[in-house]
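The structure appears right after this line, and notes come after that.
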Amino acid sequence: MILQMETCTIPPNGQNLAIVWFRQDLRLHDNPALHAAAAAGPVLPVYILDDDNAGEWKMGGASRWWLHHSLSRLNEALHGQLLVLRGDCRSKLARLCERLPVRQVCWNRCYEPWHRRQDERVAKELGDAGIETCIADGSLLLPPWRSGRRDGSPYAVFKPFHDNLARLLSSGEALASEAPPRRLLVVEQPLAGNSQPLERIEALALKPRIPWDAGLEQHWTPGETAAHEQLAAFFDQRVDDYRLDRDSLGAEAVSKLSPYLHFGEISPRRIWLEASERPASDGTKAFLRQLAWREFSHHLLWHFPHMSDQDLRPTLANFPWRDDAASLRRWQQGTTGIPLVDAGMRELWRTGTMHNRARMVTASLLSKNLLIHWLAGARWFWDCLVDADLANNSFGWQWVAGCGADAAPYFRIFNPVLQSRKFDPQGNYLRRWLPELRGLPDRHVHAPWEASPGELRTAGVRLDENYPAPIIDLRASRERALAAWQALRRNRA
DNA sequence: TGAAATGTTGGGGCG
DNA sequence: ACGCCCCAACATTTC
């Protein structure tokens, strides 16, 4: 906890000005880079939006919306002194160092491949210019190279990874928290010139031009304060039921912390420590296990940087993926005619998130039943999710598609009707997102095409008029997917 | 963090 | 009383 925040003017040449370069660590608490910088003297907080270096994985629309609000909250917490720039991070930071008496630049590592390249280039350039750099690890429980085996090799299966992680963390040393600074001295906007910081955040144009973000506004409050409130509410009200209810689509049982974690508005370490202080329970354990999955996917992305674009296990070389723009479009819009899939996709579009169970089922329909490449689905999620995270997203899609580490076997194909009956027996989730199906009785709301004409009429459902007929026959497409996989295996053998 | 097919068991109706 | 069939419920195997 920072006890005291003050602002000051730029120190004269020769003094200890440190830049804190914020990226996916938009918080003041438990932020190692910030703490390191603050310990040495006055701090200049900087955020730089760098779209051009992100390649294929430039931030998506929902993420940009979140970032806009998150930067605004961070700027407020910094008494309006956050310097916001856009462009190439290396040249922007170098230029700041030329113009101001900067001794040191501090940042927390990001683990995406393009961020790693960026880190290297920035560190080299600053080093060549005689500027100190301080690179910390604050976005994971353990840096990915420390969560591997003793010999440094990565884990490819979750169970042993999780056992090892739990062992390392329980030793305590890994999570020992450094003493946070008692005082944060922030320099007043050095380059203010003609515009105020808030105007600069607006100038990043992160909010959508067409205002489709009403649902996001309704469902989310970005920012560090909200993150802490969300965590407290989860621990107070929901964690005890988490193990049993986390798969239930209709219940509000999950933590909803993923976007805060992605943008670093709360640190996983803080979550782990707070959970550890509570009496051990099944709910807490199940929750921390999910945090370990996040850790695992980052571990894999670090060791296999191509994971975001290529099959982790090249089992699918020459797989007959279908190029089917019309079906992809219906999947994206939530008009497949398969209720659980449509409910999930509409929740995604409207709120920027989707229940994890629904993510697995919608992903399975696209990659297995429709035989559309998992990358097409991953890209759509990337654009729509407020918690879009390269490691988690790529890992999840590969897991479902059956080409990832610890992957679901190829023959594990979700049946969206059975999943719906099992995890949303009363149809609460379906009816929330598919008002046109509200009149159907529980036994038919999961599969309206099985209802009799009379039942459909009573419910006011007209297939292919106010709700689509199913995009595909579930049984036949399951057989087709199995056959395609088996052909692949035969050719291989 | 599957689903579907196939196998097994045991109770009840019935001749 | 007994064998037979049916079938639900559960377990196992296969994809």
Side-chain angles (χ1 to χ4, degrees), chain A residues 155-163 165 241-251 253-255 258 282-283 285-297 299-300 312-313 315-316 319-320 338-341 344 353-371 374 377-378 381 387 389 391-425 429 446-447 450 470 472-493:
Chain A
Y155 287 97
V157 177
F158 178 71
K159 177 67 165 61
F161 173 86
H162 185 215
D163 292 347
L165 179 71
D241 300 320
Y242 182 79
R243 194 180 71 83
L244 294 177
D245 289 351
R246 55 174 292 269
D247 265 325
S248 159
L249 289 157
V254 299
S255 74
S258 53
D282 288 352
K285 274 202 306 212
F287 176 59
L288 291 182
R289 187 182 165 84
Q290 294 307 305
L291 209 55
W293 277 103
R294 173 181 185 271
E295 204 75 7
F296 185 44
S297 67
H299 175 77
L300 288 171
L312 210 44
R313 295 190 308 189
T315 48
L316 296 192
F319 190 76
I338 297 162
L340 179 50
V341 173
T353 189
M354 198 199 297
H355 194 287
N356 182 250
R357 176 63 47 180
R359 294 190 199 199
M360 294 191 284
V361 174
T362 55
S364 172
L365 187 92
L366 188 79
S367 60
K368 299 274 170 78
N369 299 87
L370 293 174
L371 291 181
W374 62 268
F381 274 28
D387 65 21
D389 180 278
N392 290 338
N393 195 44
S394 312
F395 176 84
W397 274 95
Q398 292 219 31
W399 184 88
V400 172
C403 55
D406 207 4
Y410 73 91
F411 46 79
R412 196 176 280 171
I413 299 173
F414 288 79
N415 178 328
V417 176
L418 295 185
Q419 290 281 312
S420 191
R421 293 206 168 106
K422 186 168 178 187
F423 296 108
D424 187 32
Y429 181 72
H446 309 282
E450 288 176 357
I472 199 162
D473 180 90
L474 292 175
R475 171 187 285 262
S477 55
R478 171 193 160 81
E479 296 303 323
R480 179 176 67 172
L482 287 173
W485 276 89
Q486 270 165 343
L488 212 60
R489 278 153 55 96
R490 267 199 303 280
N491 290 344
R492 196 166 278 280

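The figures that follow rest on heavy atoms only: side chains count, while hydrogens, waters and symmetry mates do not. None of the values given here were measured: they were computed from a predicted structure.
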Near-strand residues of residues 472-484 of chain A, defined as heavy-atom separation under 4.0 angstrom from DNA chain B: Arg475(A), Arg478(A)
Atom-pair distance (CZ on Arg359(A); C1' on dG2(B)), nearest Å: 20 Å
Value in whole Å for how far the C1' atom of dT14(C) lies from CD of Gln486(A): 10 Å
Set of residues satisfying ring-ring contact (aromatic ring centres under 6.0 Å, His included) with respect to His355(A), sequence neighbours excluded: none
Length of the line joining Lys368(A):NZ and dA4(B):P, which is rounded to integer Å: 14 Å
Pairing residues for Ser394(A) by the side-chain hydrogen bond (donor to acceptor under 3.5 Å, both in side chains) criterion, not counting sequence neighbours: none
Selection from dC15(C), dG2(B), dA4(B) that lies nearest to any side-chain heavy atom of Asn415(A): dA4(B)
Rounded distance in Å - CG (Leu340(A)) to P (dG2(B)): 13 Å
Side chains of residues 399-418 of chain A: which donor-acceptor pairs under 3.5 Å do they make with residues two or more places apart or in other chains?
residue   : atom : partner   : partner atom : Å
Trp399(A) : NE1  : Asp406(A) : O            : 3.1
Asp406(A) : OD2  : Phe158(A) : N            : 2.8
Asn415(A) : OD1  : Val417(A) : N            : 2.9
Asn415(A) : OD1  : Leu418(A) : N            : 3.3

Length of the line joining Lys422(A):NZ and dA3(B):P, which is rounded to integer Å: 7 Å
Value in whole Å for how far the P atom of dG2(B) lies from CG of Leu418(A): 12 Å
For Arg478(A), all residues meeting side-chain hydrogen bond (donor to acceptor under 3.5 Å, both in side chains), sequence neighbours excluded: none
Rounded distance (Å) that lies between atom P of dT13(C) and atom CZ of Arg412(A): 17 Å
For atom CG of Asn369(A) and atom P of dA4(B), their distance in whole Å: 10 Å
Modelled atom types, side-chain donor and acceptor of Arg246(A) and Ser255(A), under 3.5 Å: no
Residue list, side-chain hydrogen bond (donor to acceptor under 3.5 Å, both in side chains) with Asp424(A), at least two apart or on another chain: none
